Amino acid sequence: MTLSAQYLWLIPALPLAAAAVGALVPRTGRALAAGAAIAALVASFLVSCVALVTALADPAAKLVYNFAWFDLGAGVFRLGWLLDPLTAFMCVMVTFVGTLIFIFSLGYMKADANFKQFFCFLSLFAAAMLGLIVANSLLLLFISWELVGLASYLLIGFWFHKPSAAAAAKKAFITTRIGDLGLLLGLLWLYDSTGSLLFFDGGAGVLEAAALGSLAAQVTVGGLVVSTAIGLLIFCGAIGKSGQFPLHVWLPDAMEGPTPVSALIHAATMVAAGVFLIARVYPLMQADALLAAVPVHALTVVAFIGAITALMGACIAVAQNDIKRVLAFSTVSQLGYMMLALGVGSWVAAIFHLLTHAFFKALLFLGAGSVIHAAHHEQDIRSLGGLSAKMKVTFVTFALGTCALVGVPLFFSGFWSKEAILHAAHGWDVSHLPFYAAVLGVVLTAFYNTRLMAETFFGKPRSPAAEHAHENSPVMTLPLVVLAVCAVVLGFLNTPVWPWLDTMLLGKTEVHGHSLMEGAGLMGLSVVLVALGLGAGWALYGRRTRVSATAPDPLAVKAPRLMAFLAAKLKFDELYDATVGRLNSASAAFADFLEFWVWGGLVTLLARLGEFTGLVNRETDERTLNGGFDNVSEQVRGPGRVYSRAQTGDVHGYLRFLALGFVVLVLLVVMGGAK
């Protein structure tokens, strides 16, 4: 069974229809809204599986269906759908993980008054992400991209009655719009340079040889080639959506939304969109790779931004005490690893890590949600403890997800995807600094996850909430079990011995592996680093567990200033408040000054001038012109009245008057003749 690219629209259309159902049913239609959302995403998953089978039948093919959208002058503007292994794997991952999150939400949100609205927003979010994936047009991708931003705003601020949630939603929306402005400029520049926004179009697409050669041959400001400039603008959008330095500040605050939202945003959808975007336009990003005279290469910028983000996120996660914020900064760090892989030239390693991360990070967030739900919404790990015996399923699955995230050797998916990134970074001939940042991040990842496990699950309960916690219902634990299995087995799809996923993504048909001994040295170093991080974390937090919620943190005792700085998230929020925030406030004050005193004053002056002109006009009209005319009229009116009295209409009177006049005239003549 195969799927034509013409019918790819079904994948995003099904959850979009479910969102419409959720919007139209009354608040009492909880079962209908949730049932439609889950059924639609399951159907999208089945269609995605058929699409995957179709794509893997010929991995090198780009199955495209382009269609006219509207007439544009003498031409036609077209959109389209694209099916290749990258599209198919992403669709399967998003729909599968999304379905599990939707099912988990049935239990987590069952007491919420806006239950049906929640599933409406979830469906809209999934539809937008799937539309982004199947697009063969950068414009269609951008439309879906913005819908993802809208849906994330609605979901992060779902509990809008909480000021922190409302603020987090606005922060996420505004911060990502900053990056999206760069993406929009890149989109416009690309259309101006090529006359198209279709990725593949029978040789005329923007990712095909003719367009790429033309873009790489054009030079703009500072010797930068046009392909590099456009690539960097597009990367701005990825920086915002994927929480990369310096636009990462919104992502931890997004934890204010319900935990299923955190799992959906941080695992399978929104944050993955930026990585997917760069992977999709990768031919454009590397178009300048062979140009030695270029002052900067687009992928070099991607690599260093990714390295900074990976290390920064891991450092901050060490000092966080909110269970969801630890995982949030872990997501920031892992997204940095993906961008690092893209920058050093291994987009397949980035996508491999994106896929494995989607499963084990969704598992960890849902596991955190299970803990929060059971502990009466207690999120501070210092107030938890002792949950391993009370929540056995959650504990075991959370531990498996942690092992995958940390990269415990051989048996967990995160180990293989992380190793692929480290090997790619080690072989990058531009600089080894990103590799060193990635290596240090490995140690820190193992350390803060050990701290998270020890504080949450080991020792004794340190609050009434933890004391009375109990395992959740199967509707919440079953998705954890499924995700835990995937977190273990998914890595075996792309081991060095059998790199099947790499082969499919690269469009090859034959799988050629190599011996583990070829990269044994670097792999051994990675194992040692993971062991070092686990050992240090266990020595500080596991060997002697916290005795009370107020007990000092062992690391804070040894390095109080460092921990305070990390706990304050490197004071990025304060830095932005002191710079961007003050600049914005000053700009607003200046705009208010212009509005009130300059433009407002000018309008007031013109109004007063109008009033004065009107007054002068009235005085001139009424007193001078009208008054003079009235006086002359009055002077003429007197003789007129006299003359009018003579106009009696009596003919006999007129004859008498004429006779009298004749007599007078005769007398005058006679008298004149006598003289």
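The model shown is predicted, which means the values in this text are computed figures rather than measured ones. Quick note: residue numbers are just sequence positions, from 1.
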Quick one: do Arg280 and Asp84 make a salt bridge, cutoff under 4.0 Å?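 Yes.
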
Locate the shortest heavy-atom distance separating Ala279 from Trp347; write the atom from each residue and the value.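 Ala279 and Trp347 have their closest heavy atoms at CB-CE3, 4.2 Å.
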
Handout entry: Nearest non-hydrogen partners of Met339 and Gly306, listed with the distance
Key =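 Minimum heavy-atom separation between Met339 and Gly306: CB-CA, 3.8 Å.
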
Go through the steps to decide whether Lys508 and Asp502 satisfy the test salt bridge (Lys or Arg N to Asp or Glu O under 4.0 Å), and finish with yes or no. CA-CA 9 Å; Lys508 301 176 182 179; Asp502 281 4; over 6 Å; no

Where do Trp81 and Phe200 land on the ring-ring contact (aromatic ring centres under 6.0 Å, His included) test, with the steps shown first? CA-CA 10 Å; Trp81 317 115; Phe200 298 98; over 10 Å; no

- Item | Tyr7 atom OH: more than 12 heavy-atom contacts under 6.0 Å |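 Not more than 12 within 6.0 Å, no.
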
Quick one about [Y] and [X] (side-chain donor to acceptor, distance below 3.5 Å, no hydrogens or angles considered), yes or no?
X	Y	result
Ser526	Glu419	yes
Thr356	Ser413	no
Thr228	Asp288	yes

Original post:
Where does the angle between the aromatic ring planes of Phe398 and Phe457 fall among parallel (under 30°), tilted (30 to 60°) and perpendicular (over 60°)?
Top reply: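 Phe398 and Phe457: tilted rings.
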
Using the ring of each side chain (for Trp, its six-membered ring), is Phe245 parallel, tilted or perpendicular to His248, with breaks at 30° and 60°?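 Aromatic pair Phe245/His248 classed parallel.
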
pair Phe125-Ser152: side-chain heavy atoms closer than 4.5 Å |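 Phe125 vs Ser152: side chains touch.
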
* Between Trp428 and Tyr436, is the gap from one ring center to the other below 6.0 Å? ->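 No, the ring centres sit 6.0 Å or more apart.
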
